[in-house]
Amino acid sequence: MRGNLLLAVDGLRTHFFTRAGVVKAVDDVSFKLNRGEVLGLVGESGSGKSITGYSIMGLVDPPGRIVGGSIRLSGRELVGLPQEAMRALRGNRVAMIFQDPMMTLNPVMRIDRQMTEAILAHADAGEAAARARARDALVAVGIPSPDERLAAYPHQFSGGMRQRVAIAIALLNRPDLIIADEPTTALDVTIQGQILYEMQKLTRDSGASLIWITHDLSVVAGLADRIAVMYAGRIVEQGSCADVLAAPAHPYTQGLLDSVPSRNPRGARLRQIPGMAPSLMALPEGCAFRDRCPRAGRACAIAPEMEAVGAAEAGRAVRCHHPLVPHTVEDA
Amino acid sequence: MTATTIQPDGTLRVEPPPGVPLVDLRGVSKRFVKHVDLAGKIANAFGAGVREEVVHAVDRVSLAIAPGEVVGLVGESGCGKSTLGRVAVGLLEPSAGERRWRGTRVDALPAAERREAQLAMQMIFQDPYASLNPRMRVVDIVGEAPVVHGMIGARQQIEYVGLQLNRVGLDPTLMRRFPHQFSGGQRARIGIARALAVKPEFLVCDESVAALDVSIQAQVLNLFMDLRTALNLTYLFISHDLGVVRHISDRVVIMYLGRVVESGASEALFRAPAHPYTQALLAGVGSVEPVKRTFVPVQGEIPSPLDPPTGCHFHPRCPHAMPRCREAAPSLVAVEPGREVACWLTEGR
């Protein structure tokens with residue numbers, strides 16, 4: 001199944017029309033995802049990584065709106081799809097796991113009801129068959145005594161267990177694409193390890209593609225096949241996980257990696273990125289990173305386009321006039 | 001023998017004699033008790049059997065912090081690390097055990113000295129949003145305490161706050177603003193400026209960088225380290241992030257369900273963790289090296305501190321658990337100089 005294109009996002013723009021002005025949360029984002037592939041979508045708060053995920057799910061609420069671009073899932077255009085058709089896809093072909101599992105689970109509904117509801121909404125199955133599938137899903141995510149747990153309410157679960165239930169619900173209909181929005185951020189280290197283990201196993205078994213949205217490079221480093229780094233609403237660098245982390249091409253990616261304590265000599269000053277991320281309502285002209293960038297020059301007053309870098313077959317691209325890895329030279 | 005140094009801000013500081021820790025917690029416990037309320041008592045009269053609920057948040061922990069030292073306190077949620085930090089700084093009274101400042105019991109100090117000692121210990125909180133009063137301007141948030149404690153006159157407040165803000169890298173012209181007008185990183189700096197305004201010697205940082213983005217986190221960590229050398233500060237740095245703790249701490253203490261399970265010099269502990277729980281924690285830490293790995297989880301969940309397991313608290317999740325671990329809790333034993341482990345595996349050797 002590998003090498004088989006599942007999702008193609010092209011020139012996606014999601015803007016929020018607030019009273020204070022237009023917030024360009026996602027501005028010209030393009031990427032492709034193959035079947036069975038894991039994409040790490042990395043960025044800091046306000047970089048637009050979550051809104052990219054919500055846009056694919058068709059979950060952008062007013063005052064936000066997708067104002068341009070296309071999202072194609074197995075060749076089918078999702079932008080402008082009627083609500084009914086989108087609802088048929090959501091929870092069925094595409095599923096999302098949120099950061100806070102309390103947000104996904106209805107606090108006044110028992111787990112069995114929440115799970116069977118997700119099955120019956122998309123399949124013509126009987127109540128008993130749906131319940132059996134729900135039980136199997138709980139077993140698959142490693143929840144002990146599933147029969148008792150089905151009859152429990154969300155507040156009777158611990159944070160880690162709740163997140164497992166959310167994952168089980170996302171996987172119920174064997175979706176082609178799972179979007180995970182920082183699902184381990186709120187969890188303890190040992191529980192985070194358990195969830196990562198389950199996700200890795202489940203996506204491998206089911207062959208689903210995964211978009212893992214996170215600010216934590218150490219999580220995607222061990223998990224993702226490809227990485228896309230976002231800054232101020234745009235993807236500034238993408239490529240294979242190994243290439244990007246071993247030799248980042250964009251100065252921002254380099255800065256992010258250098259900020260991680262374990263990449264610095266113990267006790268030494270961390271190599272920090274100066275300044276802070278610009279407001280999305282008042283982005284600087286040209287490259288959004290240029291005020292914080294050590295390599296910025298006169299050329300950066302003009303916004304750079306996404307250009308290929310490194311060896312041609314590596315499939316890396318970066319949005320920078322002065323990348324740390326040279327632009328790909330086209331063979332004559 | 002005491003040494004006197006002149007601080008950069010002109011104040012004199014008497015160093016404790018060598019070998020005397022700045023802060024010394026001895027066998028400190030903190031219990032939170034939920035008493036049986038009236039409804040419970042009435043229910044009990046009918047034989048409901050409602051009993052007092054006791055949480056042993058901190059269970060006989062001893063921790064000595066030398067002047068100038070940075071001690072990292074690590075553990076997962078509910079392990080009692082924040083409670084211990086609050087006891088260390090004096091925000092909570094310990095239920096048992098004693099707290100010493102420069103070798104003297106804090107509760108035995110005369111009132112004036114006790115207040116001085118209390119001022120010398122400050123805390124920086126986790127949430128830069130919840131820990132600043134939203135109705136106060138920065139000039140008052142930072143300047144109120146030094147005025148109240150008579151360190152500066154009310155007229156000097158603006159000038160003084162300006163100096164404090166400068167030191168943490170904030171523009172003093174912003175001091176008339178309210179907290180909501182600042183970003184997360186800037187708020188963290190306001191929290192730091194507030195703690196430093198009363199010239200503390202000992203700072204407890206409770207997850208002070210956890211809420212910040214990676215690039216901002218690096219800036220704040222650098223600020224902590226700069227201030228440490230500039231002001232000769234001592235830190236108790238509480239965090240669940242082992243990467244951060246490893247980077248800035250001289251010594252690390254690992255807690256699990258109210259007890260210390262391992263402590264030692266940072267470098268040695270991270271190189272060769274001795275307690276199975278420390279090993280599990282370290283295995284859970286991702287590196288940013290692009291190595292595809294299979295995540296191997298620790299079994300089970302953190303038990304409720306209301307009803308902790310018998311014996312060693314970690315035994316239900318421990319891959320090396322023996323019958324003995326269920327029966328008795330191992331005590332902290334020095335396995336090498338400066339290194340203590342509470343585990344039957346190491347004690348048996």
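Order of the sequence lines fixes the chain letters, A, B, ..., with proteins taken first and strands second; residue numbering starts at 1 for each chain.
Counting heavy-atom pairs under 4.5 Å between each of A268(A), G160(A), G142(A) and chain B puts A268(A) at the top. Top candidate by heavy-atom pairs under 4.5 Å with chain A, chosen from E267(B), M225(B), R317(B), Q219(B), is Q219(B). Counting heavy-atom pairs closer than 4.5 Å to chain A, the top residue among I216(B), V70(B), L221(B), D226(B) is D226(B).
Within the 4.5 angstrom heavy-atom criterion, no atom of M199(A) approaches chain B. No part of P144(A) comes within reach of chain B, as not one of its non-hydrogen atoms sits under 4.5 angstrom from that chain. Looking at D258(A), there are no atoms closer than 4.5 Å to chain B (heavy atoms on both sides), in backbone or side chain. For S183(B), the part sitting under 4.5 Å from any heavy atom of chain A is the side chain, from C-beta outward, and nothing else.
In summary, R164(A) and E198(A) engage in a salt bridge, as defined by a charged side-chain N under 4.0 Å from a carboxylate O. Taking the charged nitrogens against the carboxylate oxygens, R246(B) and D241(B) have no contact shorter than 4.0 Å, which rules out a salt bridge.
Side-chain atoms of N222(B) and Q272(A) include a donor-acceptor pair closer than 3.5 Å. S215(B) and D213(B) share no donor-acceptor pair across their side chains, judged by distance under 3.5 Å alone.
Taking the ring centre of F157(A) as origin, the terminal cationic atom of R149(A) falls inside the region bounded by 6.0 Å and 45° from the ring axis.
Note: S240(A) OG to D225(A) CG = 9.0 Å, rounded to the nearest 0.5 Å.
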